[in-house]
*Asks:* 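Got a structure for you, written out below as structure tokens; questions coming shortly.
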Number of protein chains: 2
Amino acid sequence: MKLIEAKQQFISSWGAFGTHWGINRTMAQIHALLLICSDPITQDDIMEELNISRGNTNMNIRELINWGLVDRVILPGERKDFFLAEKDIWKVVKMIVKERKKRELEPMLQLLDRLEEVEGDKRDKNIKSFIDTISSIKKLGKQADKTLDTMIRAEESWFISSLMKMFK
Amino acid sequence: MKLIEAKQQFISSWGAFGTHWGINRTMAQIHALLLICSDPITQDDIMEELNISRGNTNMNIRELINWGLVDRVILPGERKDFFLAEKDIWKVVKMIVKERKKRELEPMLQLLDRLEEVEGDKRDKNIKSFIDTISSIKKLGKQADKTLDTMIRAEESWFISSLMKMFK
DNA sequence: TTTAATTTTCAAAAAATATTGAAAATTAAA
DNA sequence: TTTAATTTTCAATATTTTTTGAAAATTAAA
């Protein structure tokens with residue numbers, strides 16, 4: 001496989017992969033493109049490479065910046081803005097985990113806390129069964145939350161060697 | 001909060017949560033409803049509870065069965081099919097992890113293997129930079145794959161106590 | 001067998017989501 | 001300043017995804 005073809009494959013697959021995880025295809029593709037560009041590139045470069053409109057490019061770059069995955073770079077003597085992706089994949093994963101934890105897991109845990117407080121006699125079969133389900137989800141969710149917190153703080157080397165030991 | 005309201009909240013939030021993870025809202029809502037029903041219920045019960053059509057209900061139940069999250073139950077003396085969700089949340093999580101690993105992570109790792117074999121001089125800056133990015137993603141992906149394999153095989157109690165030790 | 005209840009399928013419609021492109025806003029060079 | 005390049009916004013449009021509902025298929029009781 002030629003380099004140019006390999007790059008296209010990577011971009012297209014990363015985009016498809018993203019859609020399975022609730023990330024829009026274009027955002028994932030722009031991210032993929034930036035991941036394999038060693039030097040910063042402009043909005044126009046991205047538009048041309050992916051064949052997408054200016055507005056679309058702009059909005060998705062902004063979103064990638066919000067996620068902390070891409071930085072805007074000002075090059076001296078250049079009029080246009082340039083963009084550069086974080087290349088350290090461990091940092092990228094930690095960033096995504098951190099954001100999704102904050103946006104999705106934490107609100108869910110807060111909701112479960114409130115749902116556990118449902119009114120009524122705890123000996124009532126219906127109430128008991130509901131609380132049991134909610135509690136078990138909450139328990140696992142809290143554990144995941146703690147584990148992810150530790151992961152976010154960890155160094156890659158420490159994390160991997162630690163997992164290695166854990167799983168023999 | 002009353003039980004009926006708490007149930008509605010849970011179903012609606014579980015649905016919204018699903019959409020952030022590439023799972024369709026209705027499928028997640030049916031799953032939520034079944035999770036908090038201690039006894040098996042019929043397609044008609046689900047249609048009525050969630051206000052959705054027969055076709056939609058049927059297709060999403062089938063999908064939940066494919067994922068191994070719901071079972072069809074034949075009750076003696078009853079004409080209609082009944083449905084029951086797996087209630088052990090640890091089993092549910094393992095099932096979802098197993099499926100998504102197979103459907104998404106493994107094909108991605110296979111692609112990365114192929115992309116790493118890109119033609120050309122490995123000393124060429126462009127080639128080297130591409131291979132470096134692909135390799136680092138692959139490395140982390142392979143580690144995740146192994147870790148998830150172990151998790152899928154693990155008992156909840158073992159897994160949690162193991163994580164506890166790991167993270168002090 | 002019929003017959004009626006129930007489930008499944010899938011083309012068409014609706015809803016949700018993503019994309020475009022041109023106008024407005026911003027920025028910095030002249 | 002003025003001007004031109006660049007970025008941003010967002011209503012309109014296009015695309016994708018989901019949902020519907022009625023017909024077809026299946027199932028089991030009569």
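Protein chains get the first letters and strands the later ones, always in sequence-line order, with residue 1 at the start of each.
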*Asks:* Does the distance from a Lys or Arg side-chain N to an Asp or Glu carboxylate O, for K125(A) and D39(B), drop under 4.0 Å?
*Replies:*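 D39(B) and K125(A): salt-bridged.
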
*Asks:* Are any side-chain N or O atoms of S13(A) and backbone N or O atoms of F10(A), one a donor and one an acceptor, separated by less than 3.5 Å?
*Replies:*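 Not a single qualifying donor-acceptor pair exists.
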
*Asks:* Both S53(B) and D81(A) contact DNA chain D. Taking the nearest nucleotide for each, which residue is further toward the 5' end?
*Replies:* D81(A)

*Asks:* Within this structure, what is the CG-to-P distance between N24(B) and dA15(C), rounded to whole angstrom?
*Replies:* 16 Å

*Asks:* Would you kindly give the CZ-to-P distance between R25(B) and dT16(D), to the nearest whole Å?
*Replies:* 20 Å

*Asks:* Would you mind reading off the distance between L75(B) atom CG and dT6(C) atom C1', rounded to a whole angstrom?
*Replies:*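 These atoms are roughly 15 Å apart.
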
*Asks:* Can a side-chain donor-acceptor contact be found between N56(B) and S53(B) if the only test is distance below 3.5 angstrom?
*Replies:* no

*Asks:* Does N56(A) put a side-chain nitrogen or oxygen below 4.0 Å from OP1 or OP2 of dT20(C)?
*Replies:*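 True: N56(A) side-chain N/O within range (under 4.0 Å) of dT20(C) OP1/OP2.
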
*Asks:* Within this structure, what is the CE-to-C1' distance between M47(A) and dT7(D), rounded to whole angstrom?
*Replies:*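 Rounded to whole Å, this separation is 11 Å.
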
*Asks:* Mind calculating the distance between CG (L50(B)) and P (dT18(D)) to the nearest angstrom?
*Replies:* 16 Å

*Asks:* Under a 4.0 Å N-O cut-off, is there an ion pair linking R100(A) with E104(A)?
*Replies:*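 Yes, this pair counts.
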
*Asks:* As a test of reading the structure: which of dT19(D), dA18(C), dC10(D) is closest to the side chain of M59(A), going by heavy atoms?
*Replies:*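 That would be dC10(D).
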
*Asks:* Stems in DNA chain D: runs of 3 or more consecutive Watson-Crick or G-U pairs, distances under 3.5 Å?
*Replies:*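 So far as stems of 3 or more pairs are concerned, DNA chain D shows C:1-30 with D:1-30.
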
*Asks:* Using a heavy-atom cut-off of 4.0 Å across all strands, would you classify R54(A) as base, sugar-phosphate, or nothing?
*Replies:*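 Base contact - R54(A) has a heavy atom under 4.0 Å of at least one base atom.
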
*Asks:* Look at E99(B) together with R103(B) and state whether they make a salt bridge at an N to O cut-off of under 4.0 Å.
*Replies:* yes

*Asks:* Give the rounded distance in Å between these two atoms: CD1 of I41(A) and P of dT7(D).
*Replies:*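 Distance, rounded to whole Å: 13 Å.
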
*Asks:* Looking at dT8(C), I'd like to know if its phosphate oxygens (OP1 or OP2) sit under 4.0 Å from a side-chain N or O belonging to R72(B).
*Replies:* yes

*Asks:* Might you list the N or O atoms of the protein lying below 3.5 Å from N or O atoms in nucleotides 25-30 of chain C, with each pair's distance?
*Replies:*
residue : atom : partner : partner atom : Å
dT27(C) : O2   : R79(A)  : NH2          : 3.1

*Asks:* Would you mind reading off the distance between E63(A) atom CD and dT7(D) atom C1', rounded to a whole angstrom?
*Replies:*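 E63(A) atom CD is separated from dT7(D) atom C1' by 17 Å.
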
*Asks:* Can you classify the ring geometry of H31(A) versus W14(A) as parallel (below 30°), tilted (30 to 60°) or perpendicular (above 60°)?
*Replies:*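 Because their plane-to-plane angle lies in the 30° to 60° range, the rings of H31(A) and W14(A) count as tilted.
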
*Asks:* Would you say the side-chain atoms of E116(B) and S135(B) include a donor-acceptor pair closer than 3.5 Å?
*Replies:* yes

*Asks:* Looking at D113(A) and K142(A), is there a salt bridge between them, counting it only when a charged N and a carboxylate O are closer than 4.0 Å?
*Replies:*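 Salt bridge flag = yes for D113(A) with K142(A).
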
*Asks:* Looking at T26(B), does any N or O in its side chain come under 4.0 Å of the phosphate oxygens OP1/OP2 on dT19(D)?
*Replies:* yes

*Asks:* So does D132(B) pair up with K128(B), basic N to acidic O under 4.0 Å?
*Replies:*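 So D132(B) pairs with K128(B) through a salt bridge.
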
*Asks:* Less than 4.0 angstrom between a side-chain N/O of N58(B) and OP1 or OP2 of dT20(D), yes or no?
*Replies:*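 No.
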
*Asks:* Can you check whether K80(A)'s main-chain N or O pairs, donor with acceptor, with E78(A)'s side chain at less than 3.5 Å?
*Replies:* no

*Asks:* Starting from P on dA16(C), measure out to NE2 on H20(B) and report it in whole angstrom.
*Replies:*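 Result: 15 Å.
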
